[in-house]
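Here it is: the structure, laid out below.
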4 protein chains.
Amino acid sequence: MSTAANSDVKSTRQRILDSAEHLFADKGLAGTAVRDIAAGVGLNAASLYNHFAGKEELYEAVLERGLRPILELVSELVSEESPADADERALDRVVLHLAQHPNLAKLVQYEALAGGERLVRIGGRWLEPIYSRGLEALSKSKAEERWTPEELPLLLVAFQNLVLGYFAMAPLMQQAFGLDPTSDEALQRQMSFLRKATRLLLPPREGL
Amino acid sequence: MSTAANSDVKSTRQRILDSAEHLFADKGLAGTAVRDIAAGVGLNAASLYNHFAGKEELYEAVLERGLRPILELVSELVSEESPADADERALDRVVLHLAQHPNLAKLVQYEALAGGERLVRIGGRWLEPIYSRGLEALSKSKAEERWTPEELPLLLVAFQNLVLGYFAMAPLMQQAFGLDPTSDEALQRQMSFLRKATRLLLPPREGL
Amino acid sequence: MSTAANSDVKSTRQRILDSAEHLFADKGLAGTAVRDIAAGVGLNAASLYNHFAGKEELYEAVLERGLRPILELVSELVSEESPADADERALDRVVLHLAQHPNLAKLVQYEALAGGERLVRIGGRWLEPIYSRGLEALSKSKAEERWTPEELPLLLVAFQNLVLGYFAMAPLMQQAFGLDPTSDEALQRQMSFLRKATRLLLPPREGL
Amino acid sequence: MSTAANSDVKSTRQRILDSAEHLFADKGLAGTAVRDIAAGVGLNAASLYNHFAGKEELYEAVLERGLRPILELVSELVSEESPADADERALDRVVLHLAQHPNLAKLVQYEALAGGERLVRIGGRWLEPIYSRGLEALSKSKAEERWTPEELPLLLVAFQNLVLGYFAMAPLMQQAFGLDPTSDEALQRQMSFLRKATRLLLPPREGL
DNA sequence: GATGAATGAGGATTCATTCAT
DNA sequence: AATGAATGAATCCTCATTCAT
C-alpha cells in the first residue's frame, strides 16, 4: 500500500520540512542556513529549490504544517456545544500534541516575537472563530464572576503563554534546573499543573 | 560634572546599547546586522568596534544592562522578610519596569528560545538565590495546599511566562486584536489581571 | 507524409529553435536561461537535452538556421553575372527576409559584439566568396570613381551596419520615437530609404 | 596638483569603472561577473560594494560616464548656429572620441539590443534636443531634395549605425579580414570614408 | 573616536547539466 | 521523448571584522 510505504519512506518534501522545522525552531528564521536544512536531509542546498520556491516559502510551509493540526484541534473543541470539561480536554490534547511536536511551540514563539504577521496570515481562517467562540464560552461560564469582559482576551493570551511558554522555555529549564521538561514524567506533571491552574483561574462551568 | 552632561547627552556607548537593544529585541541576534545598529546611532559600523569588542559582546552587554535592574529588583524583593503582599508588589514593580522597557521581555524570550545559555551565565549570580528563595517562600506559604513541591518550579516558570509573554506577544496582539498592549490603559488592565491571577493561583499568605 | 505533418505540427526541435532564437535575440547568449527556452515550448529544461547536446550547441544551431538562408541568398545574388540592378535587388530581398525574421539581425549583432568567432565559423564557407566577389563587383563598377580599393571593405561593412542596424536598433527606436519599426509601413519606408542610400553611395552600373 | 596626482593614481572608483567598462563592452551585462570586474582592479568582489550599490548601478554608472562626453559633444555641435561644415566636424569629433574609447560603441550596441531603456533614461535630457535640432537642421538644408521628412529619423539612425557599427564590428572585422580596425591608419581611412559618405548622403548646405 | 576601504567567509539563489524513471 | 530530482559550480550580495588614516 502506498500509505504504508509513505510511513516508511517519507517524501523528500516531508523530510525537508522536518529538517527545516527542527532548525527553525532551534535558531529561528534568520539563524538558520538553507544549506544546513539541506544537509539535515543529506541533500545539496540547490536540491531544496526543486521542492520549495525559497527559504521564506519553506518557512511558511513549516509553519503551516505545524499549525494546522493545532488549529483544527482547537477549532474542533471550541465548536462543540460547550461540554462540561471542554476546557481541560482541550488543554490536555493541545499539550499532548505539543509534547509530541516539541518544535511547534518554539516556532510559534519565534514567529510571535518577529511580529506574528505570518501567524495571523496562516491562522487567519481559524483565529477569528477560535478567539470569538473562546470569548463567548468564557463569558457564558461563571468566569464572569472573576473576569470582566475586557480581561477575557488577556486570559486567552495568558493560557497561550502558559501552554506554549513551557515548551519554549524547555532549553532554559534544562540549563537552569537540570531537568528534562520533555520527559514523560515532566509532561505528566505539567499537564496536571495546567489542569489545576485552569480550575483555579476558571470557575467550574454552570452545569457543575 | 560628567554625570550632568550624561543626562542630556547620552554617551555613545549608551546610545549604541539603545539601538542594539531595540534591534535585537525586534529581530533577534542572528536577524540583526551590526551595520543597522550603527546606523541607528548615526555611526559607521566600524566605529562600533571602538566601544565593543564584537557583535557577541555587544549583545551580551545589552542583555546584561537590561537584565540587571530586573534581577536586582526581584532579588531585593525576595530578600525581604516575606512581607505580607510581597508577591503582588514584586509583580507590580516588575511589570512596571518591563512596561518602561518594552524590549526587555522580547530580548529574554529570544534568548530563552536560543537556549538561554547567556541568560544563565549573566543571571547566574542572581538566579540561584531567586529561585531557591522563591521556592522556599512558596513552600512556607499555604501554596502547599495547592501545589506540590515538585510543581513549584512549574509555578515559577508559569509566572515568568505570564509576565514576559504579555510583552513578547505584544506585536501579535496588536495584529490580531488591533489594540496596543503598551498603552497606559492596557498596562493597567494587565497589571490588575496579573494581580487577580496571582491571588487565584497563590493562596493568601499565612499572616493574613 | 512527414513533411505535410510538419507544416502543421512543427517538430519539437524546430519549436525549441524558435523559442531559443527569440530569447537569444532579446537577451543574448549569457542572458538567456535554458530553462526559459524550454518553458517557451512548454517543456522541462531536461527535455531540451534530448534534442540538443547543450546550450552552446543549441545556440549555434539557432545561428546556423538563421544565417543559412541569408548567406544562400546573398551568395546566389552575388554569383550571378552582375545583372543590372543586382545591388538593389539583393538589398531588397535581404531586408525582406530580415523583416520576416526580426530576430536574425539582433542575433548577428550580439554575436558580432561577442567576437564573432561563431559567425566566422558558421559563415566561413560563404563569407569568403561573398566578400571577395562583392569587392570584385564593386571594383568593376564605377564605384571606383568614388571609393578607393581600400575603402571598399568599409563600404561593405557600412551596408551591413545599415541593414542590420535598423533591426537591431528597433527596440531603441520604439522607445525613443514611439514608432514601431517592424510595421509594414515602416519597413516600406526603410527599404525605400536603403534604395536611395544605395544609389547615392554607389554610382549606377556601367551598363546603364 | 591634485589633478596631476589623479592622472597617476586613479581613484579606486574610476579604476572599477574602467574594469567594468572593459568587461561589459566585451561580454555584455549578463555575461560579466562582478568578481571578474573586481579582479580586474585587484580587488575582492565584496570591496566593489563599498563603491557601488550593485552590479546594475555599476553598469549604469559605466554607461553614464561613457555616454556623457559623447552627448555633450553632439549637443554642443548641434547647438551651434549651423556652421557650414558642422556635420562633418561633428562626425570627426565623435569618431575620434569613439576611437579613443573603443568600449563605448560596443557598450551602446549591447544596450540598444537589450532594449535601450537605460540609454533612453540616461540620454533623456540630451536625446530630445539632439534629435529635434538634427531634424530641424536637415529640413533647412537641401536634404529635402533627397529625403522626405519621414525619412529623416531613418537618416539619423543610419548615421548612428554607420559610426557605432564600425567599432562594434571591430572584433569581427579583425577575424574576417585580419586587419586591425583600431589602428591609426584604419581610423584615418574610416574617417575619410565617413566624410565621403556624408557628402554623398547629405547634399551640401545652402550657403555653398 | 570616527570612518572609508578592504576582505574572507558565508548567505540565498540560479544555472546548465545528468540520470533514473 | 519527457520529467522530477539531484548537484557542483557559479551567481550576486551581505556580514562581521580589521586597519590605516
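In what follows, every chain begins at residue 1, and chains take the letters A, B, ... in the order their sequences are listed.
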Practice problem: Using whole Å, report how far OH of B:Y49 lies from P of F:dT17. | Solution: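 Nearest whole value for this atom pair: 3 Å.
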Exercise. Tell me whether the OP1 or OP2 atom of F:dA2 has a side-chain N or O from C:H51 closer than 4.0 Å.
Key: yes
Quiz item: In whole angstroms, how far is the P atom of E:dA6 from the CD1 atom of D:I16?
Solution: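 Rounded to whole Å, this separation is 7 Å.
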Quiz item: Can you name the closest pair of heavy atoms from C:A168 and D:L113 and give their distance?
Solution: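 The answer is CB-CD2, 3.6 Å.
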Quiz item: For the base of F:dG8, is there a side-chain donor-acceptor partner from A:N44 under 3.5 Å away?
Solution: yes
Exercise. For A:K55 and E:dG10, give me the distance from atom NZ to atom C1', rounded to whole Å.
Key: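 Answer to the nearest Å: 12 Å.
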Practice problem: Under the salt bridge (Lys or Arg N to Asp or Glu O under 4.0 Å) rule, what do A:R13 and A:D18 come out as? Steps first, then yes or no, please. | Solution: CA-CA 9 Å; A:R13 185 187 161 91; A:D18 290 345; over 6 Å; no
Quiz item: Which nucleotide in the set E:dT17, F:dT3, F:dC12 lies at the smallest distance from any side-chain heavy atom of C:A45?
Solution: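 The nucleotide sitting nearest to the side chain is E:dT17.
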Exercise. For D:T32 and for B:L29, locate the closest nucleotide of DNA chain F by heavy-atom distance; then report the residue assigned to the nucleotide nearer the 5' terminus.
Key: D:T32
Practice problem: Taking only the side-chain heavy atoms of D:A46 (C-beta and beyond), determine which of E:dT14, E:dC19, F:dC15 contains the nearest atom. | Solution: F:dC15
Practice problem: Assign each of A:G54 and B:G42 to its nearest nucleotide of DNA chain E by heavy atoms, then name whichever residue's nucleotide is nearer the 5' end. | Solution: B:G42
Quiz item: Between atom CD in B:Q14 and atom P in E:dG1, what is the gap in whole Å?
Solution: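 It works out to 13 Å between those atoms.
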Exercise. Show the numbers, then the answer: is there a salt bridge (Lys or Arg N to Asp or Glu O under 4.0 Å) between B:E64 and B:R68?
Key: CA-CA 6 Å; B:E64 167 124 22; B:R68 200 200 312 272; 3.6 Å; yes
Quiz prompt | Closest nucleotide among F:dA1, E:dA2, F:dC13 to the B:T12 side chain | solution = E:dA2
Quiz item: Closer to the 5' end of DNA chain F via nearest nucleotide, is it B:D36 or B:A53?
Solution: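 Nearest nucleotide further toward 5': that of B:D36.
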Quiz item: Out of C:L43, C:I37, C:T12, which one pairs with C:L48 under the side-chain contact (heavy atoms from CB on, under 4.5 Å) rule?
Solution: C:I37
Quiz prompt | Centroid-centroid under 6.0 Å between B:Y110 and B:F24 rings | solution = no
Exercise. Select one nucleotide: of E:dG1, F:dC15, E:dA16, the one nearest the side-chain heavy atoms of B:R35.
Key: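 Taking heavy atoms from C-beta onward, the closest nucleotide is F:dC15.
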Quiz item: A:E57 has an atom CD; how far is it from atom P of E:dA12, in whole Å?
Solution: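 Atom-to-atom, A:E57 to E:dA12, this comes out as 13 Å.
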Exercise. Using atom CD of D:E56 as one end and atom P of F:dC13 as the other, report the distance to the nearest whole Å.
Key: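 Result: 9 Å.
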Quiz item: Does the side chain of B:H51 reach to within under 4.5 Å of the side chain of B:E57, using non-hydrogen atoms?
Solution: no
Quiz item: Whole-Å distance between F:dT17 C1' and B:Y59 OH?
Solution: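 Rounded to the whole Å, the gap is 20 Å.
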Quiz prompt | Angle of first-five versus last-five pair axes in the helix from E:dA2-F:dT21 to E:dT21-F:dA2, to 10 degrees | solution =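 The two end axes of the helix from E:dA2-F:dT21 to E:dT21-F:dA2 meet at 0°.
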Quiz item: Judged by modelled atom types alone, do B:E111 and B:Y59 share a side-chain donor-acceptor pair under 3.5 Å?
Solution: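 B:E111 vs B:Y59: donor-acceptor pair found between side chains.
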Quiz item: B:R13 has an atom CZ; how far is it from atom P of E:dA2, in whole Å?
Solution: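 It works out to 13 Å between those atoms.
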Exercise. With heavy atoms under 4.0 Å as the rule, sort B:A33 into base, sugar-phosphate or nothing.
Key: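 Sugar-phosphate contact only - B:A33 comes under 4.0 Å of backbone atoms but never of a base.
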Quiz item: Can you find a pair of side-chain heavy atoms, one from C:F52 and one from C:E60, that are under 4.5 Å apart?
Solution: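 The answer is no; the side chains never approach within 4.5 Å.
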Quiz prompt | Distance below 4.0 Å between D:S47 side-chain N/O and E:dA5 OP1 or OP2 | solution = no
